Each structure stands twice: as structure tokens, then as C-alpha cells.
Amino acid sequence: VGDAVIAFFPGEFDSKKACTNAVKCARSMMKVVAEGLNPAFTDNALPKIGIKVGIDFGENLVVLYGRDPTRSYIDIVGSSISIAAKITGIASPGQIMIGQDVYEICDSDVRKEFVEFELDPRVWNYKDPATGNLYKLYSTL
């Protein structure tokens, strides 16, 4: 996805574990950039990089385009993938942002790392299909 990376954490048997693992992975990615890559870049007179992470939860389809799994293109499609991409677009470098579903699924140890993100309705107006209310986003402190 251009300069983006998509990670897929299957959650059909344990959605809490899938969401927790996604958040832990995001934290690890931030740590690798901050403590590993950027110091090496600085040491070599290169500019630092910044990453931002958007996470959402929901049903998706994994699609294989072609019959040969070694040469065929694989894609993940679904509303949660689209929402995660939009969430990432709103996040700032160094920030992890999660959707309302992820926030509600995770336990309190994970939730305490996040605060509700104040949303500009011109930037974010996605409605939760289950309630019709604005779908909330939460960001790292």
C-alpha cells in the first residue's frame, strides 16, 4: 500500500487477543523506530523517520487473485481495513490510533494507554453501523 504496511491479526476465536496483539505490535514498531532506526539514521547523518498506526477490528475477506499461491496477488478487503487506513491518515507520526471496536474489545490494561481523540466532523464523520452514532477514535497519550 504505497509506503504503508498492512498487518492482519485473525480474531475469529479470540478477538481480545487479536486486538491486544495488534496494539502490542504497534508499540513494538514505534520502539524499533525510536530506539533502533532513528539513532542509526542520526549517526549516519540521515533524517529520522516517523510512523503512525491505525487499528480497527471487523470482518474481512482475504482474496487470492489467481490460482497459483506462489505467484498470485493476495489482498485483504473489508470495511475494517478501509477504516484502519482512514484512521492512519488522521494519526500523527509517533501516534497509535485505534477504533472504537478495538477500544471496547481490549481489556483495561490496554485501554488505559489511550484517550478519546477529539474529532473534527469535517475530517471524520464515519457512523457506527450498529448504533448510527459517530464511530469514536482513541489515541495514545
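Both backbone and side-chain heavy atoms feed into the values below; hydrogens, waters and symmetry mates do not. Predicted model, so just to flag it, every value in this text is computed and none were measured.
With respect to Ser80, the side chain to side chain donor-acceptor pair (under 3.5 Å) criterion is satisfied by exactly one of Asp56, Asp101, Asn60: Asn60. Only one option out of Ile96, Leu37, Val33 pairs with Ile51 in a side chain to side chain contact (heavy atoms under 4.5 Å, CB included); it is Val33.
When every heavy atom of Met29 is checked against every heavy atom of Val53, the shortest pair comes out as CE-CG2, 4.1 Å. Shown here for Asp109 and Lys112, the closest heavy-atom pair between the two residues is O-CG, 3.2 Å. Considering all non-hydrogen atoms of both residues, Pro93 and Gly50 come closest at CB-CA, 4.2 Å. For the pair Phe57 and Ser15, the tightest heavy-atom approach, listed with the atom from each and the gap, is CZ-CB, 3.4 Å.
Using cut-offs of 30° and 60° on the angle between ring planes, the pair Trp124 and Tyr135 is tilted.
The backbone N or O of Leu46 sits nowhere less than 3.5 Å from a side-chain atom of Asn44 that would complete a donor-acceptor pair. The backbone N or O of Gln95 lies less than 3.5 Å from no partner atom in the side chain of Thr140, so there is not a single donor-acceptor pair.
If you take SG on Cys19 and CG on Asp14, they are separated by 9.5 Å, rounding to the nearest 0.5 Å. Distance check: Leu119 CG to Ser139 OG gives 9.5 Å after rounding to the nearest 0.5 Å. We find the OH-NZ distance between Tyr126 and Lys86 to be 8.5 Å, quoted to the nearest 0.5 Å.
Residues that satisfy the side-chain hydrogen bond (donor to acceptor under 3.5 Å, both in side chains) test with Glu104, not counting sequence neighbours, are Gln100.
Within a 6.0 Å sphere centred on NZ of Lys31, heavy atoms belonging to other residues, nucleotides or ligands number 12 at most. Environment of CZ in Phe13: sparse, with no more than 12 heavy atoms of neighbouring residues, nucleotides or ligands closer than 6.0 Å.
Criterion: ILVMFWY side-chain heavy atoms under 4.5 Å apart, direct or through other members. Under it, Leu64 and Ile81 are part of a common hydrophobic cluster. Transitive grouping of hydrophobic side chains (ILVMFWY, heavy atoms separated by less than 4.5 Å) keeps Leu137 and Val23 in distinct clusters. Under the 4.5 Å side-chain heavy-atom criterion for grouping Ile, Leu, Val, Met, Phe, Trp and Tyr, Tyr73 is not connected to Ile76 through any hydrophobic cluster. Both Val32 and Phe41 are assigned to one and the same hydrophobic cluster, defined by single-linkage of ILVMFWY side chains at heavy-atom distances under 4.5 Å. Put simply, Leu134 and Ile83 are part of the same group of oily side chains (I, L, V, M, F, W, Y) that touch within less than 4.5 Å, one to the next.
Considering only heavy atoms from C-beta on, Ile55 stays 4.5 Å or farther from Ile87 through its side chain. Annotation: side chain of Lys24 is not in contact with side chain of Phe9 (no heavy-atom distance under 4.5 Å).
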Give the intermediate values and the outcome of side chain to side chain contact (heavy atoms under 4.5 Å, CB included) for residues Tyr103 and Lys136.
CA-CA 9 Å; Tyr103 184 82; Lys136 296 179 183 179; over 6 Å; no
